[in-house]
Amino acid sequence: MAEYDVDLFVIGAGSGGVRAARVAGEHGAKVMIAEEYRVGGTCVIRGCIPKKLLVYASRFRHEFEDAAGFGWTIENARFDWPTLIANKDKEIARLEAAYRRTLTMAGAEIVESRAIVEDPHTVRIMKTGARIRAAHLLVATGGHPLKPVIPGRDHAITSNEAFHLPELPKRIVIQGGGYVAVEFACVFEGLGSEVTLVHRGDEILRGFDDEVRQHVRAEMEGRGIRVLLNHTVVEIDRNGRACRALLSDGASIDAEEIMRATGRRPNTANIGLEAVGVACDAHGAVVVDASSRSSVPSIYAIGDVTNRLALTPVAIREGHAFADSVFGDRPWTLDHDNVPTAVFSEPEIGVVGITEAKARERGLSIDVFRRNFRPLKATLSGRKTHVLMKLVVDKTSDRVLGVHIVGEAASEMIQLAAIAVKMGVRKTDFDATVALHPTSAEELVTMRHGS
Ligand code: NDP
């Protein structure tokens, strides 16, 4: 009898787990993958994809407003939340089916159950009680929204529930100042809700460039989002459809929904990891080395459960590298430097590389180039909006260390800028590139000292 039932057992069929299972299968490994909810994970089912669909929906309102200055009259524009949610759900179901097909075609067996690690090579399938022996285990269980304990915390929703609300809240309070809070604040504002963002810090989006943070907040406020800094929600009451958020300064806000976007935590509880000696950090994230191996040699972990960079493309690459290295005889590791990121706020943020503050903290001698301008479209639309672009350049090497953009299509621009930054682009290369006129992106190659 073979020592193991499978070569690889993956726990969690999100973006990272599915990629690892597929690639391992294509390398000839016998693979099983367990998922207790829906195939696709956070990104496909209740994250990036449904969020971006809501973002698209929310932006039509501003487009309709902007259209007037270009001669358009749009009458009777009406938004219907149930239609959006139903269409979004249809697309998510299609994607889930595509993910399942990908796995099946790679020969991976999908097990629809929670799975628990029993020893370094054994997993128990909770639905059937079956025990599977695997040469390698991959933990790809992702994360979940953190809901700090306060009285009435169960009355609040998180991003998970925001995708399934029966109706669009007339008023919503969102707690937090990170990616999720900022994106959902902009989504709900665009769809027509009255939005209050309550954040404990003195500026939103900690970790982003300081000018970017201020710029985006000012733009959000300009669109009508009320931002309360240095405040927390200390208690939540609900009476039918009516909620009340009590704030740290004694004030209260009435709304139909209160959403908490106070960060995420890795899903490592109750899956047997402690018992087999897999080391986790203070936040519960699996501690791994550069090859995604945990403290137990047969157990690997990728994606949000490791809390390295909680981004889908990073989880996918980590899963791919793991499968190539362990089953394809092609070892490689992911370089986590200069990973581009975007916040799909209104306007968007696109970032690659380090902030001005981080460069100074590292003692680097830097030049900072910035542009803050009114985009051409705003001349006729009359919208009060500005684009911000910023380059952080190392004075000694002339290398571009950071590119920061706030404005329409910043996410699309930053993906391309990231190629250059990853290649070690110098400011003189930006200068040598001819502008493409008239665009916003051309400002990136026309920034000079004093201009
Ligand atoms: P973030 O870590 O980005 O933000 C959490 C926010 O909650 C911070 O503003 C934090 O404040 C605040 N917070 C944390 N704990 C408390 C508390 N006890 N009381 C009050 N406020 C609190 O988490 P998100 O959930 O927004 O996003 C998680 C990750 O998911 C992101 O880091 C990102 O990697 C990924 N993501 C990426 C997206 C994209 O690529 N567009 C979109 C959404 C998520 P403080 O700053 O003071 O700590």
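Both counts, for ligands and for their atoms, begin at 1 and track the order of listing. Just so you know, these numbers use all the heavy atoms, side chains as well, and skip hydrogens, waters and symmetry mates.
For the pair K427 and F369, the cation-pi criterion (under 6.0 Å, within 45° of the ring axis) is fulfilled.
For the side-chain contact (heavy atoms from CB on, under 4.5 Å) test, residues two or more places apart in sequence or in another chain that qualify with P297 are R293. Under the ring pair (Phe, Tyr, Trp, His ring centres under 6.0 Å) criterion, F163 pairs with F184, not counting sequence neighbours.
Of the residues listed (R244, R171, R226), the one engaging I253 in a side chain to side chain contact (heavy atoms under 4.5 Å, CB included) is R226, and it is the only one.
Below 3.5 Å of separation, one finds an N or O of V180 facing an N or O of ligand 1. For the pair R206 and ligand 1, the shortest N or O to N or O distance falls below 3.5 Å. Checked by distance only, ligand 1 and L146 stay at 3.5 Å or farther apart across all their nitrogen or oxygen atoms. For the pair Y179 and ligand 1, the shortest N or O to N or O distance falls below 3.5 Å.
Against a heavy-atom cut-off of under 4.0 Å, K51 is close to the following atoms of ligand 1: 41 (N), 42 (C). Applying the 4.0 Å criterion to heavy atoms of P148 picks out, from ligand 1, the atoms 17 (C), 18 (N). Near G177, with a cut-off below 4.0 Å to any heavy atom, the atoms of ligand 1 are 6 (C), 8 (C), 9 (O). In the vicinity of A342, heavy-atom distances shorter than 4.0 Å reach the ligand 1 atoms 39 (C), 40 (O), 41 (N).
Atom 2 (O) of ligand 1 has as its closest protein heavy atom G263 CA, 4.2 Å. Considering only non-hydrogen protein atoms, atom 17 (C) of ligand 1 sits nearest to R200 NH1, 3.4 Å. Annotation: atom 4 (O) of ligand 1 to nearest protein heavy atom, G178 CA, 3.4 Å. From the protein, the heavy atom lying nearest to atom 7 (O) of ligand 1 is T262 CA, 3.2 Å. With hydrogens left out, the protein atom closest to atom 28 (C) of ligand 1 is R264 CD, 3.8 Å, a heavy atom. In terms of protein heavy-atom proximity, atom 42 (C) of ligand 1 is closest to E183 OE1, 3.3 Å.
The pair R213-E203 does not count as a salt bridge, with every side-chain nitrogen at least 4.0 angstrom from each carboxylate oxygen. Between K170 and E256 there is no salt bridge, since no side-chain nitrogen of the basic residue lies less than 4.0 Å from a carboxylate oxygen of the acidic one.
T333 contributes no side-chain N or O that, together with a main-chain N or O of A290, makes up a donor-acceptor pair within less than 3.5 Å. A donor-acceptor distance shorter than 3.5 angstrom exists from the side chain of T158 to the backbone of N160, with no hydrogens or angles considered.
In terms of heavy atoms, L205 sits closest to Y179 at CD2-N, 4.1 Å.
Only the side chain of L311 comes within 4.0 Å of ligand 1, judged by heavy-atom distances. The proximity of A310 to ligand 1, defined as any non-hydrogen pair under 4.0 Å, involves the side chain as well as the backbone. Within the 4.0 Å heavy-atom criterion, the part of A261 lying near ligand 1 is the backbone and not the side chain. At a 4.0 Å heavy-atom cut-off, ligand 1 does not touch S159 at all.
Within the structure, the closest approach of G201 to ligand 1 does not fall below 4.0 Å when heavy atoms are considered.
Remark: E219 CD to C186 SG distance equals 10.0 Å, nearest 0.5 Å. The structure places CD1 of I225 at 9.0 Å from OG of S345, a figure rounded to the nearest 0.5 Å.
Within 6.0 Å of the CG atom in N270, the count of heavy atoms belonging to other residues, nucleotides or ligands does not exceed 12.
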